[in-house]
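First the proteins, then the strands, lettered A, B, ... as listed; each starts at 1.
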Number of protein chains: 2
Amino acid sequence: MHSLMEDDQLSSLIQQIKNRLNHLSEAEKRVGAYITKYPELVPNMTSKDLSIKADVSEASVVRFCKSIGAANFKTFKLELAKELTLSHEDLTDFSSLQKKDSPYDLFCKVTQLNKRAIESTQLSLERKNFEKAVEHLLSADRIIFFGVGGSSIAAIDGSYKFSRLGYHSVMTPDFHQLAATIPFLTSSSVFVAVSMSGKTKDILQLAKLMKNKNACIIAITNAQNSPLFKLSDIQLCTPVVEQDFRIGSIASIMTQLNIIDALYLSVFHLSGNQLVDQYREAREAVIKFRR
Amino acid sequence: MHSLMEDDQLSSLIQQIKNRLNHLSEAEKRVGAYITKYPELVPNMTSKDLSIKADVSEASVVRFCKSIGAANFKTFKLELAKELTLSHEDLTDFSSLQKKDSPYDLFCKVTQLNKRAIESTQLSLERKNFEKAVEHLLSADRIIFFGVGGSSIAAIDGSYKFSRLGYHSVMTPDFHQLAATIPFLTSSSVFVAVSMSGKTKDILQLAKLMKNKNACIIAITNAQNSPLFKLSDIQLCTPVVEQDFRIGSIASIMTQLNIIDALYLSVFHLSGNQLVDQYREAREAVIKFRR
DNA sequence: TCATTTATGAAACTTAATTTCATTATTTTT
DNA sequence: AAAAATAATGAAATTAAGTTTCATAAATGA
């Protein structure tokens with residue numbers, strides 16, 4: 001019976017703390033417990049911060065460091081920071097926001113969360129679909145972005161970016177205004193539907209109307225098997241990210257934007273250099289116009 | 001003669017220092033020179049140590065850190081330590097997009113870039129300022145978000161999020177419409193100005209007008225010493241991120257949004273549970289309304 | 001039970017980081 | 001070219017962070 005060594009994955013410092021946890025005194029144990037729970041928050045903390053979080057004195061924090069073999073608190077933090085960049089094992093338990101979390105703690109947690117969400121876009125996005133999407137966008141005669149609520153942000157960003165590339169690209173939050181443009185669509189029009197759940201009625205309805213015009217429907221969504229997922233021609237899936245049950249999903253906007261960014265960059269890149277000059281012009285105009 | 005590519009190996013922070021070296025003042029330049037020469041020694045040094053080695057004052061060391069976009073000496077050391085452990089495998093050299101890059105390659109690069117940008121928000125954001133900002137927002141009688149171009153995205157997201165918390169929170173891209181609301185501002189109104197460069201004229205002008213009303217001006221910007229930076233009461237700095245010279249900064253939107261997310265979450269968290277119920281109600285209304 | 005050891009936090013102390021401020025150099029304006 | 005404004009700088013003061021000391025309390029063992 002060889003190994004149940006799942007923990008081998010963890011970096012050695014954290015592992016070492018875990019191993020020693022039982023040999024430590026009560027106070028030091030609490031310090032170790034906190035550190036192993038939120039390792040990535042620690043390098044930004046002071047000894048006082050940590051003492052409060054672990055509910056011990058500052059002296060105990062220092063003693064903890066010495067117990068596990070560090071010269072002092074500072075070298076310990078440094079070592080921990082280094083190790084965390086190596087191990088992508090990441091333990092931020094976002095779902096349990098502590099009552100005593102300070103704003104800065106929350107900032108650190110959100111940053112972790114967003115970072116991780118973006119990282120895992122690589123997991124959820126299918127290469128082939130992405131390349132198909134780029135292809136369609138490249139030759140699009142117009143691009144319509146749409147999203148409601150939180151997803152409207154990504155839609156706005158998309159329409160903004162593609163406009164700058166010279167595309168006829170729009171996003172309005174107004175369903176009816178958008179519906180009015182449908183008669184003018186062709187089979188080379190592209191509808192980019194952004195929706196986390198893939199169930200938003202407005203989006204589904206628009207998508208159906210566009211489908212009648214043979215427009216290409218690209219869905220940026222995280223829900224497999226949602227109506228939108230099934231209805232769309234190309235699915236660009238965002239990862240399912242942790243949510244706080246009270247405030248919903250913060251990070252999913254990031255994953256949507258990340259995909260939009262990649263689409264934008266790819267289209268820009270492929271559409272070649274003839275665009276660059278036009279782009280520069282537009283950019284200069286903007287700079288001048290910073291009146 | 002092999003390759004001139006030695007710099008490709010370098011991590012972005014050190015590379016960034018090298019790039020900026022010529023734009024720095026004499027004393028800061030010496031600090032940067034020392035750091036790029038002996039980067040692995042620096043994380044264990046104190047500001048005094050480094051000041052002696054670089055033959056400058058301690059103040060200049062601190063100033064150097066701010067110049068390159070770090071919140072303070074400590075976050076700088078931390079970031080440097082992290083980057084040094086990332087062995088030279090990290091080749092996201094964004095500045096040289098290869099002609100042969102496939103869309104999916106570009107997707108991966110963008111993802112890396114965005115991830116890294118968010119991560120380094122921890123470098124640039126000052127804890128104290130962040131906590132001050134949260135405090136002001138908590139007791140704000142109204143919140144005005146403003147940004148133009150790419151930065152409008154974050155402003156929209158901010159107004160959207162804070163509206164959901166029940167705040168009187170607005171963002172319009174229309175300068176004049178916004179200006180018209182100024183007479184109604186009080187000293188507990190908050191103006192959140194989002195601008196990468198900190199030079200956008202519209203924003204500066206609005207900020208000045210709001211200042212007359214004693215409103216609190218929070219700047220989300222990456223440029224230290226920009227007019228906006230100086231004009232504002234609280235500065236929340238985004239990190240200076242790699243840019244592609246042709247398409248500008250993609251990732252900075254992410255860093256802006258990350259800060260907005262953190263502000264939102266903090267205010268939500270602090271404003272306590274009485275809000276939760278109202279929030280749930282609003283949420284349910286939205287779900288029902290997905291007609 | 002009483003001595004001894006161990007664990008702990010409060011407070012004192014030491015060290016480090018940051019800011020302020022006066023001085024000097026540099027640039028711009030007149 | 002002189003005067004004014006601006007920017008750069010380090011010394012010193014201030015503030016923050018880390019460490020040690022010491023008194024106290026709990027646990028252990030004769």
Side-chain angles (χ1 to χ4, degrees), chain A residues 20-35 41-81 102 104-105, chain B residues 20-35 41-81 122-132 223-227 229-231 233-235 237:
Chain A
R20 293 218 187 178
L21 221 50
N22 294 320
H23 309 152
L24 296 175
S25 73
E26 186 50 40
E28 293 178 25
K29 202 179 290 183
R30 265 182 279 164
V31 177
Y34 184 87
I35 293 170
L41 299 183
V42 176
N44 290 307
M45 294 173 112
T46 67
S47 58
K48 183 124 187 234
D49 290 341
L50 182 51
S51 74
I52 292 167
K53 288 292 146 83
D55 199 25
V56 298
S57 67
E58 286 182 70
S60 292
V61 170
V62 173
R63 277 192 289 261
F64 167 85
C65 295
K66 310 223 161 159
S67 292
I68 62 139
N72 53 41
F73 182 56
K74 280 194 287 182
T75 55
F76 171 75
K77 279 196 292 187
L78 203 62
E79 207 52 38
L80 186 60
S102 75
Y104 191 74
D105 291 335
Chain B
R20 293 225 183 176
L21 223 50
N22 294 321
H23 309 288
L24 296 175
S25 72
E26 187 50 41
E28 292 178 25
K29 202 178 289 182
R30 266 183 278 164
V31 177
Y34 183 89
I35 293 170
L41 299 183
V42 175
N44 292 306
M45 294 172 108
T46 66
S47 59
K48 184 126 189 224
D49 290 343
L50 182 52
S51 74
I52 292 167
K53 288 289 152 78
D55 197 24
V56 297
S57 68
E58 286 182 71
S60 292
V61 170
V62 173
R63 276 192 289 259
F64 167 85
C65 294
K66 307 224 159 165
S67 291
I68 62 141
N72 55 43
F73 182 56
K74 280 194 287 182
T75 56
F76 172 75
K77 280 196 291 188
L78 202 64
E79 197 62 20
L80 187 59
Q122 270 176 338
L123 174 74
S124 59
L125 188 83
E126 284 197 44
R127 180 183 187 139
K128 262 187 274 175
N129 286 351
F130 182 73
E131 303 198 323
K132 256 199 283 178
Q224 302 257 350
N225 301 322
S226 65
F229 185 93
K230 287 173 187 158
L231 196 64
D233 300 303
I234 301 172
Q235 300 84 29
C237 291

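- Between the CZ atom of B:Phe73 and the P atom of C:dA16 there is a distance of 11 Å, given to the nearest Å.
- Residue-to-nucleotide proximity on DNA chain D shows that, of B:Val56 and A:Met45, the 5′-proximal contact is made by B:Val56.
- The distance from the CZ atom of B:Phe76 to the OG atom of B:Ser47 is 12.5 Å, given to the nearest 0.5 Å.
- The distance between atom CZ of A:Arg63 and atom P of C:dA10, rounded to the nearest whole Å, is 11 Å.
- Considering only side-chain atoms of A:Ala59, the nucleotide from D:dT9, D:dA11, C:dG9 that sits closest is C:dG9.
- Neither OP1 nor OP2 of C:dA16 sits under 4.0 Å from any side-chain N or O of B:Thr46.
- Put simply, CZ on A:Phe64 is 17 Å from C1' on D:dT19, counting in whole angstrom units.
- Rounded to a whole Å, the CZ atom of B:Phe76 is 18 Å from the P atom of C:dA16.
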Open item on the list: Could you go through B:Lys66 and B:Glu126, starting from their C-alpha distance and side-chain angles, then the distance that decides it, and tell me whether this counts as salt bridge (Lys or Arg N to Asp or Glu O under 4.0 Å)?
Closed with: CA-CA 11 Å; B:Lys66 307 224 159 165; B:Glu126 284 197 44; 3.6 Å; yes

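- Proximity of A:Ser25 to the phosphate of C:dA7: no side-chain N or O atom is located under 4.0 Å from OP1 or OP2.
- For the atom pair B:Asn44 CG and A:Lys74 NZ, the distance stands at 9.5 Å (nearest 0.5 Å).
- Contact annotation: A:Lys74 side-chain N/O to D:dT19 OP1/OP2 distance is not under 4.0 Å.
- Taking every heavy atom of both residues into account, B:Lys48 and B:Glu58 meet most closely at CD-OE2, 3.5 Å.
- The distance from atom NZ of B:Lys48 to atom C1' of C:dT19 is 16 Å, rounded to the nearest whole Å.
- Separating the NE2 atom of B:His23 from the C1' atom of D:dA7 is a distance of 18 Å, rounded to the nearest angstrom.
- Distance CG (B:Asn72) to P (D:dT14): 22 Å, rounded to an integer number of Å.
- Between A:Glu58 and B:Lys66, the residue whose closest nucleotide on DNA chain C is further toward the 5' end is A:Glu58.
- A:Ala27 comes within 4.0 angstrom of sugar-phosphate atoms only, judged by non-hydrogen atoms across all strands, and of no base.
- For the OP1/OP2 pair of D:dG10 and a distance below 4.0 Å, the side-chain nitrogens and oxygens of B:Ser60 include at least one atom meeting the criterion.
- A:Glu26 has its CD atom 13 Å from the C1' atom of D:dA26, to the nearest Å.
- Note that OG of B:Ser51 and CZ of B:Arg30 are 11.0 Å apart. Values are rounded to the nearest 0.5 Å.
- Residue whose closest nucleotide on DNA chain D sits further toward the 5' end, between B:Arg30 and B:Lys128: B:Arg30.
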